[in-house]
Each structure stands twice: as structure tokens, then as C-alpha cells.
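Reading through the C-alpha cells given below for one structure.
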There are 2 protein chains.
Amino acid sequence: MRRKRWRIKDIAKKAGVSTATVSRVLNGDPHVREETRLKVLKIVEEFKYVPNYMARSLRMERSSFIGIIIPRDSDSALTFPYFNIFLREFAHRAKERNYHVVFTTSEGDDMKTYEYFIGRRFVDGFVILDVVDGDERIKFLSGMDIPFLVIGRPQGLDGYTYVDSDNEGGAYEAVRFLIKLGHRRIFFINGPKTHSVSRQRLEGYKRALKNFGMEFEESLILNGDFKYDSGYTLTKEILKKFGKIEAIFYASDEMAIGGMKALEEKGLKAGKDVSVIGFDDIPLARSTTPPLTTVSQPINEIAKKAADIMMDILNGIEVHSIVFPTKLVVRNSTIAGGSA
Amino acid sequence: MRRKRWRIKDIAKKAGVSTATVSRVLNGDPHVREETRLKVLKIVEEFKYVPNYMARSLRMERSSFIGIIIPRDSDSALTFPYFNIFLREFAHRAKERNYHVVFTTSEGDDMKTYEYFIGRRFVDGFVILDVVDGDERIKFLSGMDIPFLVIGRPQGLDGYTYVDSDNEGGAYEAVRFLIKLGHRRIFFINGPKTHSVSRQRLEGYKRALKNFGMEFEESLILNGDFKYDSGYTLTKEILKKFGKIEAIFYASDEMAIGGMKALEEKGLKAGKDVSVIGFDDIPLARSTTPPLTTVSQPINEIAKKAADIMMDILNGIEVHSIVFPTKLVVRNSTIAGGSA
DNA sequence: CTGAAAGCGCTTACAG
DNA sequence: CTGAAAGCGCTTACAG
């Protein structure tokens, strides 16, 4: 049977104080005599009183909820490879500070969903994932003066706060590693052109080439969708068109794994005949044959920091965007290249 | 700049009616004159009035939020292989009926988190995932008379509503298929013993054996944790201990894929030297070498139905537990077995 | 340091 | 069919 729900009024009466005092104690107001505080706390404890947050939210005009909305169509949710982990760590960190995550999907019309959530006061602000350059959601939320935080660093927009990892630097390191290995023709199977991470990774790729005096060749760049299948298909395409291949850099581990399968079907082995590098360092990357060299992002830290910044934004604390370093994790999927 | 927020009072005044009438119109109360209804709706439209749900929730004493709590430690979230998809489809369906999902993690003390959420009136009820036999959360929520829905069918508990897929039947079909292929010694790498799905799948395995007059051998059963690594490790173990192997049934695709790698390292190929069947039909299962024969569950339907039942529970509508059929998806990871 | 009272923005029994 | 008014359970300016 459900216990009786105590209201602040009940607790006040039992403690022999006003509701105002109970409220002050519960909210850590320092202007309460220690003796009073203890007395109230004792009753709160005894009756296991928990305040009703619906009432609190109404009065304080904030819900302490943060919205995370992902598109329902396709598997876009998963374009962000760490979505699971991000969501979990973000929610965990937010909870530590008494904020919580409301999760939903949008069906095509993103703006409507954002408006719906903010209009009804479901949430105080949003985290925006899986961003593209010139992202409409960012324009919309900026225009409406609704608090939000962007995961990623899209172009063609300004005045937004972001948390990002150093995609450019990660790609640079990967390609640099391949060049050092002696490779001269390095394919790059990137993500969709629209995604800002794709642009950033391409920039890293180009910078590495330039740094080592190599020419950029458009024909070596292909765009997949981060998924296994596109890695497989595009690698087949390359194999068919170019015949001999020495190195491929993939913008996701999933694509790299798909690519390794395509190679295998041609009797080629990553780490033996071809150099392969991925991006993300998903758990599976440790366990592929061969274990995959890849670029890792500190997803837990990103999620935690994102939560902290989001909450600071909601509390009017000044925030700064931040970029987390990426790291090349060297395993066994590359080989020394023949000299040019 | 943010638009002015209209309150029901503003709308009432503009429409020349009382707030009660506006409320009635907005909530579809039939006892409103059509003319009045239209007049109110026009103003609502014009000013894009959206009610404040914090106020509504306080007054109606329900939040229209549903809580989904997953343990933060380990990767338990992913023990349920479809968590991403489940969450997305569940949230989508709930949204269609004006319910929303609050997501959080728990750190060891589950009950505290559930109590926290219900005590503050964050949510009206919970969906419980990743259940074990005798699950403490179910006992707790039942005891507190808090509404909840279980995904899965744990034993040692009663009086709860569930949505489940036919794990027993799925395992039965898989093992039956292997037996028909001529296999007589069928290894089964199951999930953790504590999980109710593991028990169910083991029952299916046993029933198939019995049906075909085969002896059950305890030594052929191993327990992994549904993850890639455990499939790999346990398969190595079997290989070492038993030498020749003809068929392995895995309780998850991830474990099957790990297992195939272990086989490969011994020069054995699934679909050529050994029969392998997985469970779940994850997207990757289509793309492995060879494509994996596996048992699929209708996860989208499960999520949708779960949302419907959850909302019915919250609205006091009578509900019935439901079990969804599973289906054996035959691909190329099995071979005909030598006769016994 | 503490309390009485107003008010956050809704819904709904009650009365007409 | 409609409105005046109470009340959901908090927090906080105001006064002392």
C-alpha cells in the first residue's frame, strides 16, 4: 500500500514552524537558526518527506529537466556512435546536480518538437546532438532565446556554446601515422558531407598531407554514412576502381570493419596487405581481426562536461566552449608502406 | 527574442470567456457550445497559446512522464541489445499520446532512485528493463503500489504486467533447426543465469532436445554475459576442452560473432566446419562472414506495445500481458551435421 | 531568524 | 453550457 504523501504544511505543523521555514531548510537557505534547522530536518527524516517538484517547478518557473531530442527516422540516433554512453553519462552527471533528462524523438519537423517541449515547460533547455553545418535547430533555438548546448562544432552559425572533440586533430594524427608508415596514396572514407564532423576530419586529413608535402586528390575521398554497410560498399567500389590499395582511413570504426570485410573478400588482410585506421574506438575495435587502429574520443568526459555546461547555462553561469583532445590508439591494422 | 508567454487568463479575456471554458475547450470537454469552442480555438491559434504543463500536472496530480532507469555501472544498459531502438520507439509512441520519457541511471541502489523519482512526482510510473528472476525492483514497486511495466518475464514474482518476446520458443526453433541439420552435440552459450531470458532460452533448448529424444548434458551449457568478449572466450574454452565441435547456439549475436572469431583462429569457419546460431538479429548479423543465422524479436512492436500498455496502466485501463513471437532467420552460418 | 500571505497557472466540483 | 472560486504544493518578497 502506498504511504501517505506528506505536504510541506504537514511537516511545518509537526515541526512547529511555518512552511516558509521548512522550505528554507530544504533549500539550504543559510538564514535559518541551526536549532530550527535540526528540528525541521528531524521531522523531514522521520516522515520521509519529499517535496513535490511539480509544485516547486511551477513556483520557480523552471522544471530542472533537460531535453534530448533525436530524429526517429533512419538510424540517425546512431550516427553519433556513442549515443548510449553519452546519454547515460550525461543523465548521471545531471542527476548529481538535481537535473534530469527528458528524452524524445522528432518526426521530420524538429522545430515543432522543440517548441512543444519548451512551450509546455517540460524542459528548461536542450542538448543538440548530431549537428550539421548551418543546423536549423541552432538557428531556431538561438532566435527563440531558448537555452541549449551543442555537441559538435557546426559552421555557418555563431553565438552558440559547444562541447566537441578534436576531430581535426584526430584525423591529422591518423593520416600522419599512415604517412610515416610510408603510404603515399591514402583513401579516406568520410561521413556524410553535411555533418560538421566530416568537414573537420577532412580538414585534418588535408593538413597532414600538406604538412608532408603531399598532393590532395579529390578522387581518394568518399562519403559514407558511418555505418558498417557503407564502409563495405565503398571499399568494394575502391577496390574495383583502383585495384591496388595501400591505405584507407575510415571516419568510423563501423565503416572500417565493413571495409575490412570487403578487403577480406578480395583476399586482402588489414595489417598484412593494407593499412586500415578507424575512428571512434568502439568496444568492438579491440576485438576485430586484426585489432583496429583507431582514433578515440573521451566520451565519458565529454558527456560529463556537457552536463556541467548545460546546467551552468541554465543557472546563468558564464560558460566557455570546450574541445576535448582525441587520441590515436595504435593496434594491428596497419603495415609499413612501400616507398612511393 | 522570446515571445511573451500567454497564460490561460490572457486567452480567456481575449476570447471573452472564463478560464474554465478555455480549459474545457483545450481538454476536449464535450460540454462546450460549438460556437464558444471555435471562438476560443481561434484565439488560442492566433496567440499560439500553449498550456503550462507544470501547472497542469500539479493540479491534476500526474506528470505524464514515464521513468526509465538503467544501472550506470558496467554496460548493463546494453545487456538488452535493443536498448537504443526500444527507447526510441517507446518514446515516440508515448509522445503520440502525450506522455514522455524521463531517463536516468542508478548507481547500485536502484530502489532509492525509483523512490526519488516517484517521491518528487517526476513520473507517474516506470518501465523495468533487463530483469532478473525475483527482481527486487518489482517487489519494491509492487509493495509501494507504484505503477510499472516489466519488459521480460521474471520468475518468483507475481501480480505484475509484462511485455515479452517468446524466448523459449525462439531457442526451441534454433535448436530444433540444428538437430534437423543432424547435429547431436549442441553447445549452448547462454546469458547470465540470473537473467530471466537466460532461463527461458535454456528451457527452449531443453525442450527441443527432449522432443527429439536427446539427452541433456550439463557440460554443454556455458554462461556468458551477452557480450562479444564472453562469446570469444567461452568458445576458446570449449575448443580447448572438447576439441571437435559441430554446433554452438549463442544467446546473443554479439557472443556468436565473438565465437566465430575464436573458431576462425583455430582455422574453423562457421557455415563450413561448424554450425553457429545467434540470438537477436542485430543489424551486423546480416553482414558477418558468413551472415549469421539467428533468432529475431519484433523490437519495434514490443516497444510500441509496451508504451501502449504503460499508458493504459497509468490511466486505469485494464491491461493484459503479452508475449511476442520470435522468428528464426536462416542465413549461412550452419552446415549439415554428420550423423551421430 | 521567522511567519503570514501572495502567487506560480492550471482544472474542476459546484452552482446556476 | 458557463463562470466564480477553490485548491494542487510549493517559494519568496515583505514585514517584523
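Order of the sequence lines sets the chain letters (A, B, ...), proteins ahead of strands, with each chain counted from 1.
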Discussion item. Among residues 23-31 of chain A, which ones have heavy-atom contacts with DNA chain D below 4.0 Å?
Written reply: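 DNA chain D contact set from residues 23-31 of chain A: A/Ser23, A/Arg24, A/Asn27.
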Worksheet item: Can the ring centroids of A/Tyr114 and A/Phe140 be said to lie less than 6.0 angstrom from one another?
Response: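 Not under 6.0 Å, so no.
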Determine: side-chain N/O of [X] to OP1/OP2 of [N], distance under 4.0 Å, yes or no.
| X | N | answer |
| --- | --- | --- |
| B/Thr21 | D/dT2 | no |
| B/Tyr49 | C/dC10 | yes |
| A/Thr19 | C/dA4 | no |

Item to complete: Please work out which of the three classes, parallel, tilted or perpendicular, describes the rings of A/Phe83 and A/Phe103, given edges at 30° and 60°.
Response: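 Answer is tilted, since the angle falls between 30° and 60°.
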Worksheet item: Side chains of B/Ser63 and B/Asp124: donor-acceptor distance under 3.5 Å anywhere?
Response: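 Per modelled atom types, B/Ser63 and B/Asp124 side chains form a pair under 3.5 Å.
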Worksheet entry | Along DNA chain D (nearest heavy atom to each residue), the more 5'-positioned of B/Leu58 and B/Arg33 |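 Its nearest nucleotide being more 5', the pick is B/Arg33.
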Practice prompt. Kindly express the pairing pattern of DNA chain C in dot-bracket notation, using | wherever a base pairs with another strand and counting only Watson-Crick or G-U pairs under 3.5 Å.
Written response: |||.||||||||.|||
Worksheet item: Got A/Val25 and A/Lys39 here, is their nearest side-chain heavy-atom distance under 4.5 Å?
Response: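 Sidechains of A/Lys39 and A/Val25: no contact.
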Item to complete: Give a yes or no answer on whether the side chain of B/Ser18 reaches the backbone of B/Thr21 with a donor-acceptor pair at less than 3.5 Å.
Response: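 Yes.
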Item to complete: Using the side-chain hydrogen bond (donor to acceptor under 3.5 Å, both in side chains) rule, pick out the option among B/Asp164, B/Asp166, B/Asp133 that qualifies with B/Arg153.
Response: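 Exactly one candidate clears the test, B/Asp164.
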Worksheet item: Rounding to the closest angstrom, what is the interatomic distance between C/dG9 and C/dA13 at atom P?
Response: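 Approximately 23 Å lies between the P atom of C/dG9 and that of C/dA13.
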